[in-house]
Amino acid sequence: MANGGTAGKGKASKEAKAAAKAARKQASKERRSQLWQAFQMQRKEDKLLLPLMIGSVVGMAVLFFLIGLIFGIEWLLLPFGLLIGVLIAFVIFGRRVQKSVYGKAEGQAGAAAWALDNLQGGWRVKTAVAGTTQLDAVHRVIGRPGVILVAEGAPQRVKALLAQEKKKTARLVGDTPIYDVVVGNDEGQVPLSQLQKYLTKLPKNIDSKRMETIESRLSALGARGGPALPKGPMPGGAKMKGVQRTIKRR
């Protein structure tokens with residue numbers, strides 16, 4: 001009986017490992033497929049992408065080959081040059097895709113919320129804690145710098161929203177620093193493509209324990225926030241008007 005139980009456990013363990021391996025293979029296949037689709041889309045829109053990627057591979061290969069010639073090890077250094085060139089090509093691809101995505105999202109309602117939702121690290125993001133029926137919004141981010149209020153929309157409207165939200169927040173967070181940011185391309189604003197970088201460069205003023213305390217204090221305040229924005233940047237025109245009508249009905 002004991003041997004049978006052990007054999008059964010061993011079989012189940014092997015099946016679990018096989019299933020996990022199959023899942024990893026499938027996930028890897030899906031990532032490669034997504035990467036290839038992103039490359040094809042970017043290549044059609046960005047005529048400089050291929051020349052830059054190919055140029056980086058060829059350039060690094062030639063550079064390392066020439067360095068190798070000096071020391072008589074050109075064929076030894078050539079593979080390293082090719083490898084570094086490929087890595088640089090991937091970096092170029094990633095940055096140009098990111099630039100393209102932010103360029104398309106620029107100026108659309110919900111773009112700042114989308115950028116904040118994609119923050120890497122221990123940030124606590126609450127989107128649309130205040131807003132208007134014109135889809136202006138203030139989003140709240142809690143991080144090591146303190147509390148950051150990020151506004152998007154018409155500047156003349158979001159300034160009042162920001163001031164109101166900052167006043168309510170200050171009552172609950174004590175001496176914790178509160179930063180306010182307006183997303184846009186005018187003077188004193190932060191461009192959408194630079195928003196994540198701007199937040200990560202703010203000074204670290206509080207620890208993770210303090211972050212949790214602030215988050216719990218502000219949770220009730222956030223529940224009384226503005227209308228929910230759609231996930232991701234929204235298109236303009238008729239579709240936008242339809243969203244505005246929906247929010248007004250709410």
Minimum heavy-atom distance [X]-[Y], with the two atoms named:
X: Ile148; Y: Trp123; result: CD1-CZ3, 3.8 Å
X: Leu162; Y: Asp180; result: CD2-CB, 3.8 Å
X: Leu161; Y: Ala130; result: CD2-CB, 4.1 Å
X: Ala61; Y: Leu82; result: CB-CD2, 3.6 Å
X: Val150; Y: Ala112; result: CG1-CB, 4.5 Å
X: Val57; Y: Ala89; result: CG2-CB, 4.2 Å

Can you check whether [Y]'s main-chain N or O pairs, donor with acceptor, with [X]'s side chain at less than 3.5 Å?
X: Gln189; Y: Asp186; answer: yes
X: Arg124; Y: Ile142; answer: no
X: Arg140; Y: Glu165; answer: no
X: Arg217; Y: Leu172; answer: yes
X: Glu152; Y: Val182; answer: no
X: Asp136; Y: Ala154; answer: yes

- Task: Go through Lys201 and Lys197 one step at a time and tell me if the side chain to side chain contact (heavy atoms under 4.5 Å, CB included) criterion holds.
- Result: CA-CA 6 Å; Lys201 284 193 170 184; Lys197 186 178 179 181; 3.6 Å; yes
Any chance you could measure [X], atom [atom1], to [Y], atom [atom2], to the nearest 0.5 Å?
X: Leu78; Y: Glu74; atom1: CG; atom2: CD; result: 9.0 Å
X: Leu192; Y: Gln108; atom1: CG; atom2: CD; result: 9.5 Å
X: Glu45; Y: Met41; atom1: CD; atom2: CE; result: 6.0 Å
X: Phe93; Y: Ser56; atom1: CZ; atom2: OG; result: 13.0 Å
X: Ile214; Y: Thr169; atom1: CD1; atom2: OG1; result: 10.5 Å
X: Ser100; Y: Leu49; atom1: OG; atom2: CG; result: 10.0 Å

Side-chain heavy atoms of [X] within contact of [Y], under 4.5 Å:
X: Arg96; Y: Leu48; result: yes
X: Asn205; Y: Tyr179; result: yes
X: Val129; Y: Thr127; result: no
X: Arg171; Y: Lys168; result: yes
X: Leu116; Y: Leu199; result: yes
X: Lys126; Y: Glu215; result: no
X: Phe39; Y: Leu50; result: yes
X: Val181; Y: Leu149; result: no

Establish whether [X] and [Y] are linked, either directly or via other cluster members, by ILVMFWY side-chain heavy-atom contacts under 4.5 Å.
X: Val86; Y: Val62; answer: yes
X: Ile54; Y: Leu35; answer: yes
X: Ile73; Y: Ile67; answer: yes
X: Trp36; Y: Val91; answer: no
X: Leu83; Y: Leu76; answer: no

- Message: Is a donor from one side chain sitting under 3.5 angstrom from an acceptor on the other, for Thr176 and Arg210?
- Response: yes
- Say whether Arg24 and Ser28, considering side chains only, have a donor N or O and an acceptor N or O under 3.5 Å apart.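 No, because no side-chain N or O of Arg24 sits under 3.5 Å from a partner of the opposite role on Ser28.
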- In this structure, are over 12 heavy atoms from other groups packed under 6.0 Å from Gln40 atom CD?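 Yes, enclosed.
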